Amino acid sequence: MSAIDTGSGREPQLFVVDPIARLRPTKDSSVALMQAAQRAGQQVWVATPADLSVTGLEPGHEPLVWAQPAELADIRPTPEGWDVPEPWVVLGEPRWLPLGHFPRVWMRKDPPVDEAYLYATHLLELAAFQGVRVLNHPAALRSWNEKLGALRYSHLMAPTLVSAHVEQLAAFAEGHGEVVLKPLGGRAGQGVVRSHGGAPGLKALLELVTQQQALPVMVQAFLPAVTAGDKRILLVNGEPLGAVNRRPAAGEFRSNLAVGGEPEATELTDQERRICAELAPALRAEGLFFVGIDVIDGRLSEINVTSPTGVREIERLGGIPLADITMARLLEG
């Protein structure tokens with residue numbers, strides 16, 4: 001048995017996440033993936049980015065993790081939502097372990113992508129150099145900002161400008177009418193503002209969101225079709241496995257589930273499949289195994305790589321065992 005076996009004989013799989021007590025078992029895709037790993041015969045271990053370390057002892061520098069095993073209950077969908085046993089997770093004793101003993105490590109810490117997050121990707125990259133498969137690849141997590149990464153495919157997007165210059169941003173708004181302002185480090189719709197070129201106080205708003213022209217923001221032409229929904233599509237190794245439509249709440253233009261959007265079952269259109277096919281080669285090449293893209297009215301909006309959500313909604317509304325399919329694809333590779 002390996003040094004990290006607890007008597008089960010199962011291969012270990014590590015999830016680097018927010019503190020597990022904060023995860024919502026009916027919402028978080030990380031929990032769905034942990035369950036799928038467990039069903040696939042893997043032993044689930046959990047840690048936070050702050051639990052990563054490197055020792056300088058001989059024979060060389062070795063990345064370590066302060067991790068603990070987790071046994072998850074059987075959480076099943078129901079017509080009303082989810083059946084969640086209590087407790088839904090039981091944790092074992094934590095211990096220091098070499099990252100190299102985990103064949104597969106998921107990095108699924110939620111944004112912000114701050115200093116602590118970036119340092120964690122560097123430590124995980126040391127494990128990747130030793131042959132550990134880190135999902136998603138640490139270098140790709142650093143290089144694919146979830147707003148800016150989509151600009152590699154700007155021809156698939158609504159008209160977009162990224163700038164810190166108020167005059168440039170204001171001119172874009174005047175030229176396109178209604179616009180949406182997005183902070184580049186935002187998540188779950190937080191800080192997204194809708195405005196228009198003739199809005200009183202527009203320049204004052206732009207000064208605020210750019211921190212007096214020190215911080216670039218993204219401004220995009222507003223797509224009225226967002227009232228019909230913003231589609232989250234989950235891709236595994238470049239292949240779209242499922243999607244959920246997120247319809248904004250009454251009086252709201254943001255469709256994110258975290259701000260009240262309503263999930264709906266959906267199918268992919270031909271245009272959405274074309275978008276996925278165009279992105280697939282780069283996602284595979286850069287080690288972006290599990291990705292969630294957002295599409296509004298056939299236009300690419302974001303490419304989410306840090307901790308894409310939507311698994312629970314796709315499983316419950318679409319009847320697709322997406323987490324199990326994802327885990328099977330991972331273990332096949």
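FYI, side chains are in, hydrogens and waters are out, and symmetry mates aren't considered; it's all heavy atoms of this structure. Since we're looking at a predicted model, the values are computed, not measured.
No side-chain heavy atom of D230 sits under 4.5 Å from any side-chain heavy atom of R247. Using a 4.5 Å heavy-atom threshold, the side chains of P63 and L123 count as separate. Between T326 and L33 the shortest side-chain heavy-atom distance falls below 4.5 Å. A 4.5 Å side-chain heavy-atom check between L135 and F290 finds every atom pair outside the cut-off. Side-chain atoms of R232 and S301, non-hydrogen and from C-beta on, never get closer than 4.5 Å to each other. Side-chain contact check for R299 versus V295: every heavy-atom pair is 4.5 Å or farther apart. Proximity of R104 to V132: side-chain heavy atoms (C-beta onward) are nowhere separated by under 4.5 Å. Side-chain atoms of P111 and S307, non-hydrogen and from C-beta on, do get closer than 4.5 Å to each other.
L317 is connected to V84 through a chain of hydrophobic side-chain contacts under 4.5 Å among Ile, Leu, Val, Met, Phe, Trp and Tyr, so both are in one cluster. Taken together through direct or relayed side-chain contacts under 4.5 Å among Ile, Leu, Val, Met, Phe, Trp and Tyr, V193 and L206 form part of one hydrophobic cluster. Hydrophobic clustering places L97 together with V54 (ILVMFWY residues linked when any side-chain heavy atoms are closer than 4.5 Å, directly or through intermediates). Residues L72 and I75 share a hydrophobic cluster, clusters being chains of Ile/Leu/Val/Met/Phe/Trp/Tyr side chains in contact below 4.5 Å. Hydrophobic clustering, with ILVMFWY side chains joined whenever heavy atoms are under 4.5 angstrom apart, keeps V16 apart from Y119.
Between the side chain of E286 and the backbone N or O of L283, no donor-acceptor pair lies under 3.5 Å. In this structure, N145 contributes its side chain and L184 its backbone to a donor-acceptor pair below 3.5 Å. Put simply, the side chain of T78 never gets that close to the backbone of D83: no donor and acceptor are under 3.5 Å apart. Not a single donor-acceptor pair under 3.5 Å links the side chain of S30 to the backbone N or O of D28. A side-chain donor-acceptor contact under 3.5 Å links Q35 to the backbone of A73. N245 places no side-chain N or O within donor-acceptor distance of the main-chain N or O of E267, the cut-off being under 3.5 Å. No donor-acceptor distance shorter than 3.5 angstrom exists from the side chain of T160 to the backbone of M157, with no hydrogens or angles considered. A distance-only check finds a donor-acceptor pair linking the side chain of H196 to the backbone of A199 [under 3.5 Å]. With hydrogens and angles ignored, the 3.5 Å screen pairs no side-chain donor or acceptor of K231 with any backbone N or O of G298. In terms of modelled atom types and a separation under 3.5 Å, the side chain of R95 and the main chain of V65 share no donor-acceptor contact.
Judged as a ring-ring contact (aromatic ring centres under 6.0 Å, His included), and not counting sequence neighbours, W82 has no contacts. Taking the ring-ring contact (aromatic ring centres under 6.0 Å, His included) definition, one finds that H137 meets it with nothing, sequence neighbours left out. Applying the ring-ring contact (aromatic ring centres under 6.0 Å, His included) criterion to Y117, with sequence neighbours excluded, gives no partner residue.
Y153 and H155 have tilted rings, their planes meeting at an angle from 30° to 60° on a 0 to 90° scale. In this pair, F15 and W106 present their aromatic rings parallel. The plane angle is below 30°, not in the 30 to 60° band.
The line from CG of D294 to CD of E146 is 9.0 Å long, rounded to the nearest 0.5 Å. Interatomic distance, CD1 of I314 versus CG of L241, reported as 8.5 Å (0.5 Å rounding). The structure places CG of L64 at 9.5 Å from NE2 of H101, a figure rounded to the nearest 0.5 Å. For the atom pair L279 CG and L300 CG, the distance stands at 6.0 Å (nearest 0.5 Å). The CD atom of E272 sits 9.5 Å away from atom CG of D297, with the distance rounded to the nearest 0.5 Å. Atoms CG and CG, on L205 and L181 in that order, are 5.5 Å from each other to the nearest 0.5 Å.
Scanning all heavy atoms of the two residues, the minimum distance from L331 to A40 falls at CD1-CB, 3.7 Å. The minimum heavy-atom distance between V44 and A37, with the atom names listed, is CG2-CB, 4.0 Å. Here the closest non-hydrogen pair linking P49 and A120 is CB-CB, 3.8 Å. Across every non-hydrogen atom of G292 and L234, the tightest pair is CA-CD2, 3.8 Å. Smallest separation of non-hydrogen atoms from L288 and A140: CD2-CB, 3.5 Å. Across E302 and A150, no two heavy atoms sit closer than the pair CA-CB, 4.3 Å.
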- Message: Please determine whether salt bridge (charged side-chain N to carboxylate O under 4.0 Å, His left out) holds for the pair E315 and K27, giving the CA-CA distance in whole Å, both sets of side-chain angles, and the decisive distance to 0.1 Å.
- Response: CA-CA 11 Å; E315 289 184 334; K27 292 289 186 182; over 6 Å; no

- Go through the steps for L124 and F129 under the test side chain to side chain contact (heavy atoms under 4.5 Å, CB included), then give the verdict. CA-CA 9 Å; L124 288 170; F129 286 142; over 6 Å; no

- For L14 and L99, run side chain to side chain contact (heavy atoms under 4.5 Å, CB included): C-alpha distance rounded to whole Å, both residues' side-chain angles, the deciding distance at 0.1 Å, then the answer. CA-CA 9 Å; L14 176 67; L99 272 172; 3.5 Å; yes

- Message: Using side chain to side chain contact (heavy atoms under 4.5 Å, CB included), reason through L23 and M34 one step at a time and then give a plain yes or no.
- Response: CA-CA 12 Å; L23 301 187; M34 290 177 197; 4.1 Å; yes

- Message: Before you tell me yes or no, could you show the steps for N304 and I293 under side chain to side chain contact (heavy atoms under 4.5 Å, CB included), namely the whole-Å CA-CA distance, both residues' side-chain angles and the distance that decides it to 0.1 Å?
- Response: CA-CA 6 Å; N304 297 273; I293 67 170; 6.0 Å; no

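Salt bridge annotation for E71-R10: present, with a cationic side-chain nitrogen under 4.0 angstrom from a carboxylate oxygen. At a threshold of 4.0 Å, the pair E313-R246 does not count as salt-bridged, since none of the basic side-chain nitrogens sits closer than that to a carboxylate oxygen. Salt-bridge check for R108 with D18: failed, with every basic side-chain N at 4.0 Å or more from each acidic carboxylate O.
Using a 3.5 Å distance cut-off with no hydrogens or angles, the side chains of Q13 and W45 do not pair a donor with an acceptor. Counted by atom type alone, T55 and E62 present zero donor-acceptor pairs between their side chains at under 3.5 Å.
For the pair R133 and F289, the distance from NZ or CZ to the six-membered ring centre is under 6.0 Å and the angle to the ring normal is within 45 degrees.
The environment of CZ in R274 is crowded: more than 12 heavy-atom neighbours from other residues, nucleotides or ligands sit within 6.0 Å. Residue H165 qualifies as open at atom NE2: its count of foreign heavy atoms under 6.0 Å is 12 or below.
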